[in-house]
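Taking it in order: structure first as C-alpha cells, then the write-up.
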Amino acid sequence: MEVKLITCGLPYANGKAHIGHLRTYIPADVYVRYLRLMGKNVLFICGSDCHGTPIVINAEKEGISPRDLVNRYHEHFKKIFSAVGVEFDFFGRTDSDYHHEMTVEFVKRLIENGYVYSKEVELAYCPKCRRFLPDRYVEGICPYCGAVARGDECDQGCGRYLEPGEIKEPRCKICGSKAEFRKQKHFFFRLTAFKEFLLEYLEKLRGTENALNYAREWVKKELKDWCITRNLEWGVKFPGEDLVVYVWVDAPIGYISYTREACRVKGCDWEKIWIEGTNADNGIRWTDVTHFIGLDIVYHHCIFWPSMLKGAEFALPSAVVASGMVKVEGKTFSKSRGYVVWVEDDYLKEGFHPDYLRYYIVNYTSHQKDLNFSWKIFMEKVNNELIANLGNFIYRVLHFAWKNFGGNVWDVLDASGDFSVDEEVKKAVEKAKNEIVKAVSSWEFKVASDAFMELSGFGNNYFQSKKPWERVKTDKVECAKTIANCLQIVRALVILAYPVLPFSMEAVGKTMGIDVKNSKMDDALKFEKVNVLEKPKPPFKKVEEEKVEKMEKIMLERIRKAEEAEKAGAEKKPEIVAIDDFLRLDIRVGKILKAERIKKSKKLMRLEVDVGNEVRQIVAGIAENHKPEDLAGKLVVVLANLKPARLMGVESQGMLLAADVDGKAVLLTPEREVPPGSRVR
RNA sequence: GCCGAGGUAGCCUAGCUGGUUGGGGCGCCUGACUCAUAAUCAGGAGGUCGGGGGUUCGAAUCCCCCCCUCGGCACCA
C-alpha cells in the first residue's frame with residue numbers, strides 16, 4: 001500500500017519543550033492516528049535539529065561539547081513526546097552519520113546540477129579570537145533599520161534575515177572586541193532560478209491557507225540567492241571545503257534521512273517516497289508528504305525546501321500544514337517575558353494528564369488560528385466538557401452495566417431473543433464518524449473533536465430519556481436494551497476519540513475488551529456484542545481548583561521575575577564613555593519651521609529645522625503621535641553631525657532627540673525660548 | 001501605507017454560491033432527576049452578526065468607504 005509520510009518541524013535541540021512545540025506535534029499526532037484508524041499506511045517521522053550556532057554558543061557557555069548539549073535535549077524531547085502520546089515511527093537526529101551522509105549526497109546533487117556557486121564575501125573576523133565570526137557570534141547594527149542585530153538576523157529591530165557580511169559595525173560577541181571584515185569564499189544556492197517553479201508549485205500545493213498565502217506573497221517579491229555555508233566546526237561538512245552546511249539546509253534534509261532510516265527498520269521504500277513520488281504534473285513530481293510546521297518556519301518549507309528538492313531532483317511534498325501561534329493567558333508567547341508553559345516542569349511534573357492537554361490544544365480553536373492557553377480555561381474545558389460530558393457518559397454507562405448486570409448485559413438480551421440497535425443510535429454514531437472523516441481531511445481537528453463530544457452528548461440525552469435506573473426495577477430486559485445501546489455508543493466513542501485521547505480511551509477500551517490500537521474507524525459502526533469485563537473506573541480525574549491557582553501563581557511569579565530581569569538588563573547596558581566621546585556629538589537646539597507627513601509612511605515626518613547657521617531637512621519617526629500643525633515653531637533638540645541617510649527616498653540631515661516612552665517619541669524641548677543653534681552640553 | 005488573515009452573545013465557534021424567528025458548545029439563571037466525578041436532562045436570559053453607506057422585494061452573507069486586532073513587507077538616523 002502507498003505510504004503517506006507525515007513529518008513535524010524538527011525541534012531544535014537547544015532548549016526544553018514548551019506548549020508552543022506541542023501546538024504542532026499534538027495535532028500532527030492526532031492526524032496520524034485518525035489516518036491509521038481510516039486504514040491508511042502512515043509513516044510519522046521527526047527528529048532533533050542538532051546543528052547551528054546557538055547550540056555551539058550555549059554549549060560553550062556551559063563548558064560542554066555541542067554533542068553533549070544535543071544529547072541532553074534530544075533525550076528530553078523524546079521523553080516529552082512519549083509522555084504526551086506523540087508517537088513517531090522514527091525520531092532521529094541530524095548529527096548522526098546517516099544524516100550527514102544524506103546531506104552530503106543531497107548537496108552534491110545540487111552542485112552537480114549547477115545550482116551552487118561560490119562567491120567571495122566579506123565576513124566579520126575577530127582578530128583577537130582569530131576566527132571568522134558566523135551568524136550569531138556577531139553583534140552589530142542592522143543595515144536596514146539600524147537596530148542592534150545578530151549576524152544573521154535583525155532580531156530586535158526589523159526582524160530581517162541578514163546575509164553574511166551585511167551587518168554593520170560588527171563586534172565579536174565572545175570577547176567584545178571590534179571585528180573586522182575579511183574576504184572569505186562561501187557557497188550560494190541559486191534560489192533565484194526557482195521563481196517560476198515556486199509560483200506554480202505554490203499554486204498547487206495543499207495545506208492551510210495561513211501557510212500558502214504567506215509563501216505566495218514571499219515569492220512574488222524578489223528572491224535572493226541563499227548562502228548555504230558557514231564557518232563553524234559543528235555541522236555537516238561542505239564537500240571539499242573547510243566549511244559547514246548552513247543549518248537550515250541540512251535540517252529539512254532530515255525528513256529524507258529519517259525516512260531512509262525509518263524504512264530500514266520498517267521495511268518500506270524511501271526512494272519511492274522521496275524520489276519516485278506519486279504522480280508528475282507539468283514538471284512537478286509530487287509525493288504524498290505532509291509537513292506539519294509552526295507558522296514561523298513557513299518560508300523554509302514553502303520556498304527554500306521545495307527549491308532544494310527540485311534542484312536535487314527529489315519529489316515534492318504535497319501539503320504544508322501550519323499551526324497558529326500560541327498565546328499564554330491572552331499574551332503573546334514569550335520565553336523571555338515569562339509567558340511560557342514548560343511541558344515538563346509546569347505540566348507533566350505537576351501531575352496533569354497528557355490527554356487533557358491534547359484535548360485542549362485540539363479543541364480550543366481551529367488549527368490555523370492562534371491558541372490561547374489559560375489555566376482557568378484549561379480547568380473549565382477539562383472539568384465541564386471532557387469530564388462532565390464524555391467522561392461522565394462513559395462512566396455512568398459502564399458503571400450501570402457493571403452494577404446491575406455484572407457487566408453482562410447481553411446475557412439478559414440473548415435470553416429475550418430480540419434486540420437490535422436503535423436507529424437513532426446508529427444515525428448518531430454514523431454522523432459523528434462522517435463528520436470526523438471530513439474534518440480530518442481538511443485538518444480541522446476542533447471540528448473532529450466536537451463531533452465525538454456531540455455523540456457523547458447524544459448518549460447522555462439518550463440515557464436520561466430512557467430512565468434505565470427506573471426500568472431496572474420494573475423491566476430488566478428493556479433496561480438492558482437501553483444499556484446495550486449505550487454501550488454501542490461508548491464503544492464508538494472509544495474509537496472515535498482515541499486519536500485525541502489515546503491514553504484514556506485505550507484504558508476504557510480495555511475494560512470492554514476493545515483493542516483500540518488495532519481498531520478501524522468502521523468498527524465504530526459495527527454494532528456487535530460488547531460487555532464490561534472488569535469493574536470500571538472513571539476515565540478522568542477532575543482538575544482541582546487549588547492546582548490551577550498554584551499554576552497561575554507560578555506563572556505570575558515568572559512574569560514578575562522576567563520583568564525585573566529585563567529592567568536590570570536595560571539599566572546595566574550603557575557603557576561608560578569619556579567626555580571626549582560625548583564632545584564628538586554636535587547636539588544643538590533647533591526650531592521646526594515646517595513639518596509634513598511623508599506620504600505612504602505611517603511613522604515618518606519630514607521636517608525643516610533651523611539649526612542656527614542653516615536649515616536642515618530632517619526625517620523623524622514621530623508621525624504616529626504628533627500632528628504637523630502642532631510642530632511648526634517648536635524648539636527641539638537635534639543631533640546635527642549625524643551621517644545623512646535616506647528614508648523613504650527623503651534625505652535626513654540629522655536626528656531629533658526624544659525620550660522613548662513605550663516605543664513612542666516624546667520630544668525634548670528647552671525650558672525657555674533659546675536661539676536656534678544653541679549648543680547642548 | 002501595501003499584502004494576507006480576521007472582527008458573529010463573557011469565551012470558542014457554525015453560517016458567508018443572499019431568503020422562513022442567526023445555529024452549537026462553555027459560562028450564567030430557573031426547573032426536573034438521581035444511574036453517574038454536585039455529573040445529567042428540560043427550559044430560559046443574553047447578539048446594533050466591527051461601524052457607515054449602497055445593490056436588492058430581502059444581506060451576517062454581494063459592492064464601496066471607514067475603524068480595530070494579528071502576521072508579513074516598507075519604515076521609526
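Convention: sequence-line order gives letters A, B, ...; per-chain numbering from 1.
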Can you confirm whether Phe405(A) sits close enough to Asp411(A) that some side-chain heavy atom of one is under 4.5 Å from a side-chain heavy atom of the other?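 Phe405(A) vs Asp411(A): side chains apart.
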Residue-level proximity of residues 456-478 of chain A to RNA chain B when a heavy atom falls under 4.0 Å: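 Within this stretch, Gly457(A), Asn460(A), Asn461(A), Phe463(A), Gln464(A), Trp469(A) sit under 4.0 Å of the strand.
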In whole angstrom, give me the gap between the [atom1] atoms of [N] and [M].
N	M	atom1	result
rG22(B)	rA32(B)	C1'	30 Å
rC2(B)	rU8(B)	C1'	28 Å
rC49(B)	rU21(B)	P	15 Å
rC62(B)	rC16(B)	P	10 Å
rA5(B)	rA9(B)	C1'	23 Å
rG10(B)	rG71(B)	P	24 Å
rG24(B)	rG15(B)	C1'	11 Å
rA59(B)	rC68(B)	C1'	22 Å

Can you tell me if the side-chain N/O atoms of Lys369(A) get under 4.0 Å from OP1 or OP2 in rC70(B)?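 No, because none of the side-chain N or O atoms of Lys369(A) sits under 4.0 Å from OP1 or OP2 of rC70(B).
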Are any of Asn383(A)'s side-chain N or O atoms less than 4.0 Å away from OP1 or OP2 of rU37(B)?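 So the side chain of Asn383(A) is outside the cut-off, no N or O lying under 4.0 Å from OP1 or OP2 of rU37(B).
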Which is more 5' along RNA chain B, the nucleotide nearest Tyr395(A) or the one nearest Glu380(A)? Just name the residue.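 The residue mapped nearer the 5' terminus is Glu380(A).
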With nearest nucleotide decided by heavy atoms, which residue, Lys541(A) or Leu656(A), maps closer to the 5′ end of RNA chain B?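 So the residue in question is Lys541(A).
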Between Met325(A) and Phe333(A), is the side chain to side chain contact (heavy atoms under 4.5 Å, CB included) condition met? List the steps. CA-CA 8 Å; Met325(A) 292 293 164; Phe333(A) 186 93; over 6 Å; no
Just the rounded figure in Å: distance from [atom2] of [N] to [atom1] of [X].
X	N	atom1	atom2	answer
Leu487(A)	rC35(B)	CG	P	18 Å
Asn210(A)	rG71(B)	CG	P	14 Å
Phe400(A)	rC35(B)	CZ	C1'	5 Å
Asn384(A)	rA39(B)	CG	P	7 Å
Tyr360(A)	rC12(B)	OH	C1'	10 Å
Tyr214(A)	rC2(B)	OH	C1'	16 Å
Trp218(A)	rC73(B)	CH2	C1'	9 Å
Glu545(A)	rA38(B)	CD	P	15 Å

Tell me which nucleotide among [options] gets nearest to the side chain of [X].
X	options	answer
Arg396(A)	rC35(B), rC12(B), rG27(B)	rC35(B)
Lys403(A)	rA36(B), rG71(B), rC70(B)	rA36(B)
Ala388(A)	rA36(B), rC26(B), rU40(B)	rU40(B)
Ile387(A)	rA5(B), rC26(B), rU37(B)	rU37(B)
Pro539(A)	rG4(B), rU37(B), rA39(B)	rU37(B)
His399(A)	rC35(B), rG25(B), rU40(B)	rC35(B)

State which residue, out of Tyr214(A), Trp305(A), Trp248(A), fulfils the ring pair (Phe, Tyr, Trp, His ring centres under 6.0 Å) condition with His300(A).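 The option that passes is Trp248(A).
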In the strands shown, is [N] matched to any nucleotide by a Watson-Crick or G-U wobble pair with both distances under 3.5 Å, and which?
N	answer
rU30(B)	rA42(B)
rC2(B)	rG72(B)
rC49(B)	none

Under the side chain to side chain contact (heavy atoms under 4.5 Å, CB included) criterion, do Glu614(A) and Val611(A) qualify, and how do the steps go? CA-CA 6 Å; Glu614(A) 58 181 319; Val611(A) 290; 3.7 Å; yes
Is the count of non-hydrogen atoms from other residues, nucleotides or ligands lying under 6.0 Å from Lys594(A) atom NZ greater than 12?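 Incorrect, the count does not exceed 12.
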Within 45° of the ring axis of Tyr356(A) and under 6.0 Å from its six-membered ring centre, is that where the NZ or CZ of Lys381(A) lies?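 Checked: cation-pi criterion not met.
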Salt bridge (Lys or Arg N to Asp or Glu O under 4.0 Å) partners of Asp610(A), counting only residues at least two apart: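 With neighbours one apart ignored, the set is empty.
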Categorize Lys381(A) for me: base, sugar-phosphate, or nothing, with a 4.0 angstrom heavy-atom threshold over every strand shown.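 Nothing, no heavy atom under 4.0 Å.
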Please classify the nucleic acid contact of Phe393(A) as base, sugar-phosphate, or nothing, using heavy-atom distances under 4.0 Å.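 No contact.
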Chi angles and distances behind the side chain to side chain contact (heavy atoms under 4.5 Å, CB included) call for Val321(A), His291(A): CA-CA 6 Å; Val321(A) 179; His291(A) 292 305; over 6 Å; no
Give me the ring orientation class for Tyr31(A) and Phe292(A): parallel if the planes are under 30° apart, tilted from 30 to 60°, perpendicular past 60°.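 It falls in the tilted class, 30° to 60°.
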According to the interplanar angle, ranging from 0 to 90°, do the rings of Phe378(A) and Trp375(A) count as parallel (below 30°), tilted (30 to 60°) or perpendicular (above 60°)?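 Ring orientation of Phe378(A) relative to Trp375(A): perpendicular.
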